Protein chains: 2
Amino acid sequence: MDVKHLCLGVLSSGPASGYDIKKHFESSFKHFFVAGYGSIYPALSRLLELRYVEVERLEQERLPDKKLYRITAAGRHAFQSALENTVPRHKVRSEFLAMMHFSEWLPPESVRDALEVHLSELEQLRDTLELAEQAVASTGAEFSRRYSLVSTTALIDFLQQQRQHLDRKGMNPAARR
Amino acid sequence: MDVKHLCLGVLSSGPASGYDIKKHFESSFKHFFVAGYGSIYPALSRLLELRYVEVERLEQERLPDKKLYRITAAGRHAFQSALENTVPRHKVRSEFLAMMHFSEWLPPESVRDALEVHLSELEQLRDTLELAEQAVASTGAEFSRRYSLVSTTALIDFLQQQRQHLDRKGMNPAARR
DNA sequence: CACGGCATGTAATAAGTTACATGATTTA
DNA sequence: TAAATCATGTAACTTATTACATGCCGTG
């Protein structure tokens, strides 16, 4: 399960450009998969080579040409079998938690800043997830959205509690229970 | 912040072998960073080149030699400045959520299996995190442990609810609210 | 006798990140 | 006039994954 498969997933519901797909990653996949243009465009080229997608070039007035990608029958097939053979991993890679883990080697302001930054990122993610409720894409999309919302809101609560202690005592956020 | 830095972090609290460090990754870092021998041993070689660590070779009876790595002053310095310059990212990469998101293209048994597998992995992680309470390494380690425990228990609750609906109705777990 | 723990590594590959490169249009 | 949106891509680099390769010891 990599960027290529996620692109096929997006294209399963209709044709899109690389740019469109990126927006999809931002709005719907952000909570479980991160990808930028640097991985999306190469993925689309590769899918084209594999004949899992086709392109149509749309000329636009005053804007650069748009390339509309459309999934092929082979592409749908490949996507489904990839999905079925996926092992359901779930990995976290958190520089934030690494900093916290080693906060004893860090000046207190840095710890604080990291906490604030992370908290506001979580709040932003929560907002994104809540907004996404409007566009109920599929029951599966709704499940994954709610899953992440559960975890995000729990973490925001936790961090806000920790921050209070930090404010009151001016100490390392992890210093008490 | 990569495997090298995490190794320096471990070595900040005392000398260790690659094997020891791997155990540390399993018991204390698992919830925020994943690394196997294939990245730990090369990382240690690199740190040696950079003179951030030193080795001592310990011959053991009936067991393979052990290489004890010890952090140098330069290593401590490099670790601290890396920590201070780290931006506190937090990324999730979840094949599980990808499967759920696209569950409409998947047979219901696969969806169910994925949910069961993921749930038991979360339960295992929760157990690991709870066990780790005994060995209170540092306040920072305790913070990151509790952070992940909060999210993990919330997610276990959520998935157990979802599973109930699945059992009662024999339908796609995401199908209702 | 099989399995898990102890102990080290390499090599090939796959994958993703970052910076670079370009440029018009719309909106505040 | 600065910033955001639309729109595409490449190249160099860094990183991690996977499989391979070896072998003893203790326990059930």
Side-chain angles (χ1 to χ4, degrees), chain A residues 1-8 15-27 29-30 32-50 53 55-69 82 85-87 89-95 98, chain B residues 1-8 15-27 29-30 32-50 53 55-69 82 85-87 89-95 98:
Chain A
M1 204 24 57
D2 60 13
V3 180
K4 289 194 292 297
H5 295 120
L6 274 293
C7 289
L8 287 178
S17 66
Y19 193 82
D20 294 338
I21 291 174
K22 173 68 161 30
K23 281 193 296 185
H24 232 276
F25 271 85
E26 296 302 332
S27 59
F29 299 164
K30 211 176 195 176
F32 64 85
F33 207 103
V34 176
Y37 293 122
S39 45
I40 292 171
Y41 284 120
L44 288 169
S45 306
R46 184 74 187 115
L47 290 172
L48 204 55
E49 275 177 25
L50 292 166
V53 300
V55 223
E56 182 186 353
R57 181 160 231 135
L58 299 183
E59 280 162 46
Q60 301 184 113
E61 293 168 37
R62 335 162 210 279
L63 273 177
D65 285 5
K66 181 188 278 196
K67 284 182 168 184
L68 247 209
Y69 291 89
N85 296 317
T86 293
V87 324
R89 290 197 196 114
H90 183 92
K91 263 191 221 176
V92 175
R93 165 87 175 237
S94 176
E95 268 90 17
Chain B
M1 204 26 54
D2 59 12
V3 179
K4 289 194 292 296
H5 295 121
L6 274 293
C7 290
L8 287 179
S17 66
Y19 194 82
D20 294 337
I21 290 175
K22 173 69 159 34
K23 281 194 296 186
H24 233 277
F25 271 85
E26 296 303 331
S27 59
F29 299 164
K30 210 175 195 176
F32 63 84
F33 207 103
V34 176
Y37 293 121
S39 46
I40 291 170
Y41 284 119
L44 288 169
S45 306
R46 185 74 187 115
L47 290 173
L48 204 56
E49 275 177 24
L50 293 166
V53 300
V55 223
E56 182 185 352
R57 182 161 234 135
L58 299 183
E59 279 162 45
Q60 300 185 112
E61 294 168 37
R62 338 162 207 280
L63 274 177
D65 286 5
K66 181 189 277 197
K67 283 183 167 183
L68 248 209
Y69 291 90
N85 297 317
T86 293
V87 323
R89 291 198 195 112
H90 183 91
K91 263 190 220 176
V92 175
R93 165 87 175 236
S94 176
E95 268 89 17

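The structure presented is a predicted model; accordingly, all values stated were derived computationally and were not measured. Numbered from 1 within each chain, the chains take letters A, B, ... in sequence-line order.
R46(A) places its CZ atom 14 Å from the P atom of dT10(D), with the value rounded to the nearest Å. Residue I40(A) contributes atom CD1, which lies 12 Å from atom C1' of dT8(D) at whole-angstrom precision. Rounded to whole angstrom, the span from the CD atom of E26(B) across to the P atom of dG5(C) amounts to 11 Å. Residue Y41(A) contributes atom OH, which lies 16 Å from atom P of dT17(C) at whole-angstrom precision. Here dT5(D) presents its P atom at 15 Å from CG of D20(A), a figure rounded to the nearest Å. The distance between atom CG of L44(A) and atom C1' of dT8(D), rounded to the nearest whole Å, is 11 Å. If you measure from atom CG of D65(A) to atom P of dC6(D), you get 17 Å, rounded to the nearest angstrom. Separating the CG atom of L47(A) from the C1' atom of dA15(C) is a distance of 14 Å, rounded to the nearest angstrom.
Here the shortest heavy-atom pairing between R93(A) and M1(B) reads NH2-O, 3.5 Å. Nearest approach of G18(B) to L44(B), heavy atoms of both residues: CA-CD1, 3.6 Å.
Both cation-pi conditions hold for K22(A) and Y37(A): the charged atom is under 6.0 angstrom from the six-membered ring centre and inside a 45 degree cone around its axis.
You'll find the side chain of E56(B) stays beyond 4.5 Å of the side chain of K67(B), heavy atoms only.
Y69(A) comes within contact range of the sugar-phosphate backbone alone, with a heavy-atom separation under 4.0 Å but no base atom that close. Among the protein residues, S45(A) comes within range of no part of the nucleic acid, since none of its heavy atoms lies under 4.0 Å from any strand.
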Annotated protein contacts, base or backbone, on nucleotides 14-23 of chain D with a non-hydrogen cut-off under 4.0 Å, one of B, S, - each: -SSBB----B
ring-ring contact (aromatic ring centres under 6.0 Å, His included) between F25(B) and F29(B), worked out: CA-CA 5 Å; F25(B) 271 85; F29(B) 299 164; 5.0 Å; yes
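If you check dT8(C), dT10(C), dT8(D) against the side chain of K66(B), the one that comes closest is dT8(C).
The phosphate of dA7(D) (OP1 or OP2) has no side-chain N or O of K22(A) nearer than 4.0 angstrom.
Between the S39(B) side chain and the A35(B) main chain, no donor and acceptor come within less than 3.5 Å of each other.
Between E26(B) and K23(B) no salt bridge is recorded (no basic side-chain N to carboxylate O distance below 4.0 Å).
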